[in-house]
Amino acid sequence: MQLGTRWTVGAEPPSRVPEVLAVAIASVEADLETAGVDASTWRWTLTFLEQRPIAELDDGTIVRLGYDGKAVIEEPTD
């Protein structure tokens, strides 16, 4: 695993984040806003596993690149 970087919810994702992942991340952030969740202090953590990007939000939400090149969103489990 290669450690990437961290950024705050609402900020521009790092340039290493593929566009398809950035769109999915924006979707997650929009859903949080719609739900009235104050995620202003939450951060995303970007890592790479087998050279594939994975973004994890502080609440446990994971956005990763699937083998088909599409974004996969995994909601946190309670």
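What you see below is based on every heavy atom in this structure, not just the backbone, and it leaves out hydrogens, waters and symmetry mates. Note that the numbering runs from 1 along the sequence shown for the chain.
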| query | Does S40 have any side chain to side chain donor-acceptor pair (under 3.5 Å) partners at least two apart in sequence or in another chain, and if so, which? | reply | D38
| How close do P76 and G60 get, heavy atom to heavy atom, and via which atoms? | CB-C, 3.9 Å
| task | Measure the CG-OG1 distance between L46 and T5 for me, rounded to the nearest 0.5 Å. | result | 7.0 Å
| message | If hydrophobic clusters are built by linking Ile, Leu, Val, Met, Phe, Trp and Tyr wherever their side-chain heavy atoms come under 4.5 Å apart, do V72 and L21 end up in the same one? | response | no
| query | Is there a donor-acceptor contact under 3.5 Å from the side chain of S27 to the main chain of V23? | reply | no
| For A39 against V9, the heavy-atom pair lying closest together | O-CB, 3.5 Å
| Closest approach of W7 and P14, non-hydrogen atoms and distance? | CE3-CD, 3.3 Å
| task | Look at atom CD of E74 and say whether more than 12 heavy atoms of other residues, nucleotides or ligands are closer to it than 6.0 Å. | result | yes
| Can you find a side-chain donor-acceptor pair between E29 and W42 that sits under 3.5 Å? | no
| Can you tell me how far CD1 of I73 sits from CG of L57, rounded to the nearest 0.5 angstrom? | 11.0 Å
| request: Please identify each residue that fulfils side chain to side chain donor-acceptor pair (under 3.5 Å) with R43, with sequence neighbours left out. | output: none
| query | Checking side-chain contact (heavy atoms from CB on, under 4.5 Å) for the pair W44/V63: CA distance, chi angles, key distance, verdict? | reply | CA-CA 10 Å; W44 289 98; V63 180; 4.0 Å; yes
| message | Pair T61, E75 - check side-chain contact (heavy atoms from CB on, under 4.5 Å), show working. | response | CA-CA 5 Å; T61 301; E75 299 292 332; 4.1 Å; yes
| said: Taking the side chain as everything from C-beta on, heavy atoms only, tell me whether R64 gets closer than 4.5 Å to L49. | reply: no
| note | Applying salt bridge (charged side-chain N to carboxylate O under 4.0 Å, His left out) to R52 and not counting sequence neighbours gives none
